[in-house]
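The block underneath contains the structure these notes are about, expressed in structure tokens.
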Number of protein chains: 2
Amino acid sequence: MKQQKRDRRSQRTQRLVSAAFAEIMTEKSYEKILVQDILDRAGIGRTTFYAHYFDKEDVLNHIVEQELAMLTGHIAQAAQGQRIIPSLELFVHAYASANQQLRALICSSAGKPLLDALQAALCRMIEPTLSTLCTERRSPPIPLPVVSEYLAGAFLTLFKWWVTADMPYPPEQMDSIFQQLALPGVWAMLKEK
Amino acid sequence: MKQQKRDRRSQRTQRLVSAAFAEIMTEKSYEKILVQDILDRAGIGRTTFYAHYFDKEDVLNHIVEQELAMLTGHIAQAAQGQRIIPSLELFVHAYASANQQLRALICSSAGKPLLDALQAALCRMIEPTLSTLCTERRSPPIPLPVVSEYLAGAFLTLFKWWVTADMPYPPEQMDSIFQQLALPGVWAMLKEK
DNA sequence: TCGGTAGCAAACACGCTGTTCTTCAAAATG
DNA sequence: CATTTTGAAGAACAGCGTGTTTGCTACCGA
């Protein structure tokens, strides 16, 4: 339904709009962005815009989808099962791409959908791994969904802080910090009985 | 500046508006709430509303301030320095008050200001405690601001999940879970060296 | 050469906002 | 008890942003 408009039209306008939107988002908060701003910046007409998108929110969703796809893409590439959570890959990806778009998205309250989706994606990835680790030693003292939520959230907290603070440390160090802080609790839980 | 209107007018209207707003927020997302909705629900006139508030956002800020004051109030009551973070008090408070307002706020993207403020408040509380614990054993391997950010975020992640999931466990258990998962990493960091 | 496609500009109706003005009732004041 | 003062209601209004419609242009492929 929501895809119809986008899919069967030219790529050009989409690129222009995405670029313009990303640019504007680094300058003012999502709520204050007008459709007119996007038109001006992208250099396209009103009609064209509404031929591709339903409204401003549709553009945001588009961007979020893109960004999420990039992130989960990098997650998938990482050999699974090795570590519980592919934290290093995510830190590295963000560091390498260094796009302001991601930063603006994470800071703004409009980025909540992205962060929520990431959290959910991480949880979906963590829980099975955790589950197999656990059946070997049976009966977890803490419900597994809670543990995955914690792990995903702990990672995202550090990730958010790091991106917001303009990535003051290299990705390797951030990964190491995450491992040191967040994982001992999980190991301890798995060991006891 | 922003306070002028609110402070010098009657309390009655504020109560009506707050109640109406909290009610509506459990029914539709913040973005979709119209001023007219508030007027209808609160049973007040347009003129009266704008005599007290600048706009819809002003109401939201008002509510956020209230909620934040309640939470930080409960934090302050907790004897400080005992534990690094007064997690139990926060779980208990949320459980006892059981207000839908808090839940709606946390779920909606409009609640980001509240969560950010809470995160900041927790950090401000954690860092000094952490700092004293650390000078005794000198030179932390991980920058302390990062550690406080992690701790506050790890707590809030669990808190958010718990509230969103309608508080399926008693506060004591949640506190215990938090202690088991999030703290070992911090102790380990403090011990080494 | 001609249909189809993608675009622009202008104009528009609509919905919501925030303001203004007029009226009214209930307090406060003497 | 009469009279100011105050807070609020209602209606009307201008302003702005949205999303749609219309008419026109340009390009592209058969």
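Note that CD of A/E149 and CH2 of B/W162 are 14.5 Å apart. Values are rounded to the nearest 0.5 Å.
Using a distance-only test at 3.5 Å, with no hydrogens or angles considered, no donor-acceptor pair links the side chain of B/S131 to the main chain of B/E127.
At whole-Å resolution of the value, CD in A/E57 and C1' in D/dG17 are 16 Å apart. The CG-C1' distance, from B/L39 to C/dG18, rounds to 11 Å in whole Å. With rounding to whole Å, A/D40 atom CG is found 12 Å from D/dG17 atom P. Atom CD1 in A/I38 sits roughly 12 Å away from atom C1' in D/dT18 (whole-Å rounding). If you measure from atom CZ of B/F54 to atom C1' of C/dT19, you get 14 Å, rounded to the nearest angstrom. Between the CD atom of A/Q11 and the C1' atom of C/dG7 there is a distance of 16 Å, given to the nearest Å. Taking atom CZ of residue A/R15 and atom P of nucleotide C/dA6, one finds them 15 Å apart after rounding to whole Å. Going from atom CD1 of B/I44 over to atom C1' of D/dG10 covers 13 Å, rounded to whole Å.
A donor-acceptor pair shorter than 3.5 Å can be found between the side chains of B/S176 and B/Q180. If you check the side chains of A/Q179 and A/R83, you find no donor sitting under 3.5 Å from an acceptor. Judged purely by distance below 3.5 Å, without hydrogens or angles, the side chains of A/S109 and A/E31 pair a donor atom with an acceptor atom.
Only at 4.0 angstrom or more do the heavy atoms of residues 22-36 of chain B sit from any atom of DNA chain D, so none qualifies.
With hydrogens and angles ignored, no donor-acceptor pair closer than 3.5 Å exists between the side chain of B/R46 and the base of D/dG10.
Between A/F178 and A/F155, the ring-plane angle classifies as perpendicular under the 30° and 60° cut-offs.
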Quiz prompt | Verdict with reasoning, B/E27 to B/K32, per salt bridge (Lys or Arg N to Asp or Glu O under 4.0 Å) | solution = CA-CA 10 Å; B/E27 295 164 16; B/K32 288 183 182 166; over 6 Å; no
Practice problem: Starting at the 5' end of nucleotides 22-30 of chain D, put B wherever the base has a protein heavy atom under 4.0 Å, S where only the sugar-phosphate does, and a dash everywhere else. | Solution: B--------
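Figure legend: cation-pi geometry between A/K56 and A/F21 absent, as NZ or CZ is not positioned both under 6.0 Å from the six-membered ring centre and within 45° of its axis.
Considering only side-chain N and O atoms, A/H52 lies under 4.0 angstrom from the phosphate OP1 or OP2 of C/dG7.
Of the listed nucleotides (C/dT17, D/dT18, C/dG7), C/dT17 has the atom at the smallest distance from the side chain of B/Y50.
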Side-chain polar contacts of residues 91-98 of chain B - donor-acceptor pairs under 3.5 angstrom, sequence neighbours left out - could you list them?
from: B/H93; atom 1: ND1; to: B/H74; atom 2: NE2; distance (Å): 3.2
from: B/S97; atom 1: OG; to: B/H93; atom 2: O; distance (Å): 3.3

